[in-house]
Each structure stands twice: as structure tokens, then as C-alpha cells.
Amino acid sequence: MFRNYIKIAWRNLWRRKLFTTVNILGMAVGLICVAFLALCVQQMLVRDKFHKNLDRLYLVQTDNGQQSVYPLLKEMLASFPQVENGTRILQWDAPWFSYQDKEVSEAITYADAGFFKVFTYPLKYGNKDNALKDKFSIVLSSEVAHKLFGSENPVGKTLELSDKRRLIVSGVMAPIPPNASLRPAVLVSTENLDAKADFKDMGDWYNCFTETFVLLKPGASTATVEKQLKGVVATRFATGAKDRVMSLMGYGQFANKYGELNIGFYVYGLSCIALFILIIVAINLVNLNMAVSLTRIQEVGVRKVMGAGRKGVLLQFFTEAGLTVGIGCLLAWGLAFVLMPVLNERLSGIQLTSSMLYSLPFIGGWLLGIMLLTLIAGGYPALYLSAVKLVNAMKGKLQSAPRKVFSQRALIIAQFVIAVVFITGSLVMRQQLRYMEEGDVKFNKAQVLTLRLDLDYKDTAQARSSINALMDRLRQYPQVQGLSTSQSVPGKYYENYNTFVPGNDQNKELSMRQAYIDNGFLTVFGVHFLEGRNFSPDLVTDEKAVVINQTAMRQLGWTSIAGKTLRTKGGKEDFPVIGLTEDYHYRSLAGSVQPLIHFYGGKTAMHDWYNYLNIHINPKDAAPVIAMLRKGFENIPSHRAFSYSFADEIFNEQYKRIESLIALINYFTLISVVIACAGIFALVSLAAQQRTREIGIRKVLGAGIVSIVALLSKDFIKLVGIAVLIAAPLAWWLMNRWLQDFAYSIKISWWLLAGAGLVTALIALFTVGTQSLKAALMNPVKAIKTE
């Protein structure tokens with residue numbers, strides 16, 4: 001009997017190819033989105049859960065960030081009985097690694113010998129107990145090992161670094177799970193840092209630049225450890241750092257607070273989007289199946305006459321719904337494998353793998369989804385039609401026209417409410433992104449050409465001489481209006497902070513971001529001075545002078561910089577404040593301008609601490625200058641290639657994550673609108689079928705095409721209008737909540753809401769109108785003979 005149901009279901013689907021195609025494709029596209037969103041949420045929820053000792057793993061954080069002083073771990077391991085093990089993690093350099101004729105460049109992650117006892121990163125080759133036993137050991141990720149050694153076991157082989165170090169491969173990590181917060185490419189022992197001359201001055205009890213992780217013993221009290229940390233701060237920390245507060249944060253919260261993604265926000269947001277799309281898919285299935293099923297009322301009557309009971313009718317409709325849902329889900333599952341690489345390119349901070357699609361939890365959820373969608377898609381039409389009286393069924397009559405059923409109208413409204421919210425969200429996000437990209441950042445970002453200077457030169461002395469010669473040539477070009485070399489550029493400022501106190505008031509203190517610039521930086525970038533002057537290469541005293549921004553002055557409680565000095569907290573040297581700049585946006589407009597202090601790093605020239613060469617030039621005149629620079633840098637042996645960008649391109653790189661989010665939202669918006677229109681398309685088709693004879697009579701009596709189109713369309717357009725009215729305040733509230741995360745944001749204009757509603761109405765009108773027009777153009781004689 002079941003085989004017979006399947007055969008009949010297949011014939012019915014094949015006979016109505018248009019409805020079947022719309023149904024399956026709409027469902028497949030929607031379910032692909034739901035599947036990807038569910039996997040993203042799942043990856044966030046299980047972030048770092050693969051670590052076996054996650055419940056005992058903690059980050060030692062300070063009151064102003066995730067980093068602590070470098071010597072702290074050794075003190076904790078020596079005098080904290082509650083601490084079982086620990087490791088420090090930091091990055092200091094990124095030399096090139098070479099093996100025979102192959103070389104790669106990777107940032108080194110320096111870690112202690114306890115790294116593999118604290119974290120659960122299994123080794124593919126090597127022994128984790130002695131992988132970082134000394135400063136000559138190096139552990140590679142599987143990706144880096146493959147680049148250098150292919151598929152062979154590299155343990156015991158020697159790598160030569162561009163800084164002349166030679167390290168022996170002691171281990172290769174197995175592929176790191178995609179939901180890991182820490183993804184080191186290369187691990188080297190911290191003993192290498194202790195031997196570096198430029199590191200010794202930094203690795204003291206004052207500078208915080210190290211991430212310290214500890215594994216507590218089972219049952220250890222975090223409160224006891226934090227009390228001991230308070231004692232260490234009081235007895236060991238430098239004079240200017242004794243007011244710092246150290247605390248423990250569970251590693252499970254590390255990714256949410258300090259990772260690339262705001263896990264809580266994304267879990268909530270992506271879950272809502274997945275739910276909305278799933279609702280649209282379910283509504284669409286009900287509408288399409290109802291539209292098809294109601295044309296089969298006489299078939300139901302014949303089945304009942306032949307002895308079929310209500311159970312038999314229900315089974316037939318559920319079989320057809322299950323077959324449709326099964327095909328759609330299978331198609332979606334197959335397409336997910338194809339589209340996953342495309343999605344990964346759009347994601348930031350999350351990576352999905354094909355293996356997730358055939359994991360047991362995913363397959364289980366997928367099968368549960370098929371059953372639920374089958375019940376939803378087949379349940380309503382089956383229960384409705386199986387309850388029709390035999391007499392009415394044989395006559396092809398229904399007790400009530402579906403277009404007048406309140407529940408169906410509510411479904412249409414719900415679909416388009418979601419569609420309008422998506423469209424509004426997409427428009428608002430796009431406007432906010434454009435505002436941040438094109439807003440007034442208070443510096444010249446349109447006419448500054450920036451080159452990277454840190455290209456890892458094979459002969460640093462020769463490179464310095466050649467680049468300084470190139471700068472002299474640049475000064476001869478009439479198109480070049482100014483030159484600068486700097487440690488950072490707007491959009492690429494380091495997370496480098498220090499605490500300063502006014503020279504005349506030691507009770508005040510202010511944490512400021514600090515950076516080194518030359519005498520041309522502020523001029524090239526067009527930063528305005530409100531008071532004082534710029535650095536001068538002719539004044540020896542400027543080597544100890546500083547320039548601050550307006551926010552710094554305001555938070556220090558000053559009204560003028562005249563006669564003012566600053567010193568680092570705990571320091572004894574005063575730095576005269578010689579200049580006050582306008583608050584320019586050296587970081588994204590998503591956040592407010594923070595206090596900033598600039599130190600003089602030396603005149604415009606190639607220095608070890610300057611990473612950028614900045615050229616004030618009109619983009620229209622830049623081609624010959626770029627050609628000259630490219631040719632010049634090609635003659636300077638280096639590991640990294642010559643590269644350049646304009647300042648606006650560098651600054652706008654900060655918005656890549658929100659740009660990728662907007663792109664995804666645009667896809668979801670398009671999908672939601674298409675699926676919603678597919679549903680309304682089905683209902684218009686149903687209405688036209690039910691009123692075929694009426695349309696024919698109206699045409700015979702002189703009704704025009706416009707009046708018939710209006711007859712079939714007006715009820716649906718009214719429902720879309722109601723949906724727009726409901727969605728507008730909801731979308732306004734949701735997007736205002738989203739905009740609150742930005743320090744500088746747009747105001748949601750009425751035309752954005754009206755535009756979203758108008759776009760939705762026009763799309764719906766086009767969908768309804770085309771099907772109505774098809775019905776209106778039908779031969780009236782043929783239409784009258786239909787019934």
C-alpha cells in the first residue's frame with residue numbers, strides 16, 4: 001500500500017512541474033541558509049569545548065585588558081600551590097622559515113613548555129611532553145608543515161630562520177578544530193625571548209603585553225588565587241603598576257570577550273535569522289501545498305466513494321508532502337557541500353568544514369527537520385480536505401474559500417513582515433557602512449599613498465640606504481606634496497597603551513594609546529593643530545616632547561597645553577606637551593575617539609621602528625610615482641613583495657567584518673523575498689483557478705484586463721500593505737538597537753522604512769500582477785466551459 005502512495009505522489013508532483021519546482025527550490029534555498037546558520041551558531045556555542053580541562057583553565061587578566069606582565073607566570077608556578085601548570089603566549093616577530101629551497105613567513109607564537117599540558121592540541125608527530133623543551137625546539141601546525149615538508153614526518157629536521165637562528169622541528173600539530181580561539185601556526189619556546197636584547201627591557205614587572213594562562217588543580221579556589229595575585233601586585237610589580245587589579249577569567253569566556261567575534265551577539269542574531277527563514281519556508285510550504293491540494297477536491301471525493309477513509313486520505317497527502325520535503329532537503333544538503341567554500345570566504349572568525357554536514361548531530365537534526373516540515377506541509381491541507389463532506393467533494397465545492405480564511409491571510413502577512421524587516425535591515429546596515437566609509441574622519445585619507453616598509457629585507461643596511469635614496473628622488477617629483485615615515489597609519493594603530501600623569505598633578509592619571517611619528521606625519525595626513533606646533537627635526541629638545549589629541553586634554557582636565565608636561569606613571573622624566581591636535585579618527589568610527597599621544601621617532605627617513613612610508617599626492621598623479629617606487633623596491637632584496645594602498649583603502653579595511661555581515665544579510669533578504677513571493681504566487685494561481693468561470697463571465701460582460709487584474713490582486717496587495725505597517729515599527733526598533741553599538745551612527749530616516757515597504761510592495765505587485773494578467777488574458781469561452 002505504501003508503495004502505491006509513493007507512486008501516486010510521484011505522478012502528482014510530476015504532473016504539476018511548476019508548483020513542484022517552485023516548492024522544492026524555494027525550500028532547498030531556504031534550508032541551505034538555515035543549515036549554514038545552524039552550523040555557525042553551533043560552532044560558537046561549542047567554542048573551545050575540545051579542551052579537556054576547560055573547566056580549570058583560566059586567563060590571568062588585568063583590570064584594563066587581557067594581557068599581563070611577562071614574569072608573572074614563573075612567580076605563580078613557584079609560589080601558588082593551587083596552580084597545576086601554565087603557559088604564556090605572545091608574538092614578537094615574524095621571520096621567514098626556510099628548508100632547502102622552500103620558505104614561508106609565519107608569525108611565531110612564543111609559549112612555555114606547559115603549553116600542551118594546559119591546552120588540548122594533539123600532535124600528529126612528536127611527543128607533547130618535550131615538544132617545547134628548549135629554545136631550539138619548534139612546533140609547526142599541519143598547514144605550515146605541509147608547505148615545507150609535504151606529507152613526510154619532519155620531526156628532527158632543521159629549519160633556518162631569516163634572523164640566522166636554526167631550530168629543530170620537535171612536533172607537528174594535528175589539524176586544529178575550526179572552533180578554536182587560539183590557532184597558532186608556529187610555536188617556539190619563550191626561552192628564545194629571554195636571550196633577545198630588545199626584549200629584556202620590556203619583559204619587566206610593568207609592561208603588560210603577555211597573555212598568561214594557568215591550569216588550576218581540581219577543586220582549587222579562584223578567590224584564593226586572586227587574593228594571592230593581589231599580594232604579588234603589591235610586592236613585585238613596578239612602582240607605577242601597584243594599583244593594577246589582577247583577576248582570573250574562565251577560558252570559556254575568553255573568545256566572547258577578547259576574540260574576533262562577539263559570540264553572544266552573533267548567536268542571538270544568527271539564531272533569529274535562521275528562525276525567520278525557517279518560518280518563511282514553512283509558511284511557503286503550507287501555502288503552496290494548500291494551493292495544489294485544493295484543486296484535488298474531487299479526487300478526494302472519488303477516493304471516499306471507492307471506500308477510502310479519512311486515514312487513507314491523510315496518508316496520501318502526508319506521503320506527497322514527505323516526498324517533496326525529502327527531495328528539497330536532499331538537494332539542500334548536496335548544495336551545502338558545494339557552497340560551503342563560498343560561505344567560508346564571507347565569514348570572519350568562523351570556519352565550517354564539510355565533515356560537519358555528515359556529523360551525527362547534524363544528520364539527526366536534519367531528519368527531525370524533515371519530519372517536522374512534512375507534518376507542517378502536509379498536515380493543514382490533509383486535515384482540511386479529509387474533513388470535506390462527500391457530497392461537496394464530489395461537486396468540487398469547499399465549505400469556505402481559502403482566500404477568506406484568516407489563518408492563511410495571517411501566514412501571508414507574517415511572511416512579508418519578515419521580508420520587510422530583512423530589507424529594512426539591509427538598507428540601514430548599508431547606510432551605516434557608507435556613513436563610516438565616507439564620513440568626516442578629520443584627516444586627509446583621499447590623497448595619501450602608503451607603502452609598507454617592513455618587507456623583511458635580506459640586507460637591512462643596504463635597504464635603508466636605498467629607501468632613503470628613493471625618498472630623495474620622491475622629493476624631486478612636483479606631484480609629491482609631502483613625505484612621512486611612521487610606526488602606524490590611521491586604521492592600523494597598534495594596541496599600545498601606557499598610563500600617564502600630569503607633571504604638576506600626580507593624583508591624576510590617564511591611559512593613552514601611544515605611537516611614534518616623524519615631523520611630516522601630521523602634515524601629510526592633514527591633521528589640524530588647535531594649539532602649539534608640530535615636531536621639528538631641527539630641535540633636539542623635541543626628542544623628549546609629545547603631541548596629544550583634544551580628547552586627552554579634556555580627560556586630563558586641562559583647558560590649554562601651555563606649560564604642561566606628562567610623565568609615564570612611576571616614571572621620573574617629564575615630556576613637554578608641544579602640540580594639541582584635533583580629534584581625528586585614527587580608528588574605526590564604530591568607536592569614539594580615545595586619548596592619543598604621539599612621540600617623536602626621528603626625522604622622515606627609514607628607521608627600524610617605522611613601518612610605513614606616506615606620500616601626499618593626488619591619486620590622478622600617482623601612476624608615475626608608483627612605477628618609480630615599484631622599480632626601486634624590486635632592486636632591494638626582500639622576502640616580502642612591494643605593496644601600496646591609499647589611506648582610505650587601509651582605513652576602510654576595518655569594516656570588512658561588517659561588510660561581510662551585510663553581504664550575508666543581503667543574501668538572506670533576497671532569499672526571504674523570493675520565497676515569500678513564491679508563496680503568494682501560488683495563492684494567486686489558486687484564486688485564478690477557483691474564479692476561472694467568474695473571470696470568463698466578467699470578460700464577456702465587458703470587463704477589461706485592468707479590472708480583472710485588480711480583482712485578483714487587490715486582496716493580496718492589501719495583505720502586503722498590512723505587513724508593511726506592522727514591520728515598519730518592528731524594523732525601526734531592531735535597527736535602532738543595532739545602531740546603539742556604534743559611537744557614530746546614522747539616524748533612521750522615514751524614507752528608509754518607506755523604501756523597504758515600497759520595494760516589498762512592488763515585488764509583490766509584480767508577482768501577483770504577472771499571474772493575474774495571465775488569468776485575465778485567458779480565452780473567456782474556454783474559461784466559462786471550465787466548470
Side-chain angles (χ1 to χ4, degrees), residues 1-14 16-17 19-42 270-271 273-293 311 313-340 343 352 354-386 411 414-415 418 668 671-672 674-676 678-679 682:
M1 181 63 72
F2 183 69
R3 181 181 178 184
N4 185 53
Y5 285 141
I6 292 289
K7 186 182 295 184
I8 294 172
W10 179 258
R11 287 174 179 172
N12 285 326
L13 293 179
W14 186 256
R16 300 178 178 87
K17 296 182 183 65
F19 280 91
T20 301
T21 302
V22 171
N23 211 351
I24 291 176
L25 287 181
M27 178 172 49
V29 172
L31 290 179
I32 287 173
C33 296
V34 173
F36 282 151
L37 290 168
L39 287 176
C40 289
V41 171
Q42 184 259 347
L270 297 182
S271 298
I273 292 173
L275 179 62
F276 287 157
I277 293 179
L278 192 59
I279 289 172
I280 291 178
V281 169
I283 291 173
N284 196 56
L285 278 173
V286 171
N287 285 343
L288 286 169
N289 284 347
M290 195 67 180
V292 173
S293 300
K311 181 180 178 181
V313 175
L314 286 172
L315 284 174
Q316 181 61 55
F317 280 96
F318 275 121
T319 302
E320 292 184 20
L323 186 59
T324 303
V325 171
I327 294 173
C329 288
L330 188 62
L331 178 62
W333 189 67
L335 288 174
F337 284 97
V338 178
L339 296 176
M340 186 169 284
L343 178 72
L352 305 181
S354 299
S355 61
M356 297 176 186
L357 293 172
Y358 46 81
S359 63
L360 190 60
F362 184 83
I363 295 296
W366 205 244
L367 293 175
L368 179 62
I370 290 176
M371 290 188 288
L372 289 176
L373 286 175
T374 299
L375 288 174
I376 293 170
Y380 181 51
L383 290 172
Y384 185 86
L385 292 179
S386 63
L411 293 177
Q415 272 189 316
I418 295 172
F668 298 142
I671 289 166
S672 67
V674 168
I675 296 175

Inter-residue atom distance L39.CG - S359.OG, 0.5 Å rounding: 7.5 Å
Heavy-atom side-chain contact between L331 and M27 under 4.5 Å: no
If we only count heavy atoms from C-beta on, is the Q415 to I279 side-chain gap below 4.5 Å? no
Rounded to the nearest 0.5 Å, what separation is found between the CG atom of L335 and the CD1 atom of I32? 4.0 Å
To the closest 0.5 Å, what do you measure between CG (L373) and CG (L278)? 6.0 Å
What is the minimum heavy-atom distance between G328 and A28, and which atoms define it? O-CB, 3.6 Å
Can you check whether F36 reaches L31 side chain to side chain, under 4.5 Å on heavy atoms? no
Grab the two heavy atoms, one from A414 and one from I283, that are nearest each other, plus how far apart they are. CB-CD1, 3.9 Å
SG on C329 to CE on M371, rounded to 0.5 Å: 11.0 Å
Nearest 0.5 Å, please: how far is CZ in F362 from CG in L360? 12.0 Å
Rounded to the nearest 0.5 Å, how far apart are CD1 of I671 and CD1 of I273? 11.0 Å
Minimum side-chain heavy-atom gap L357-I363 below 4.5 Å: no
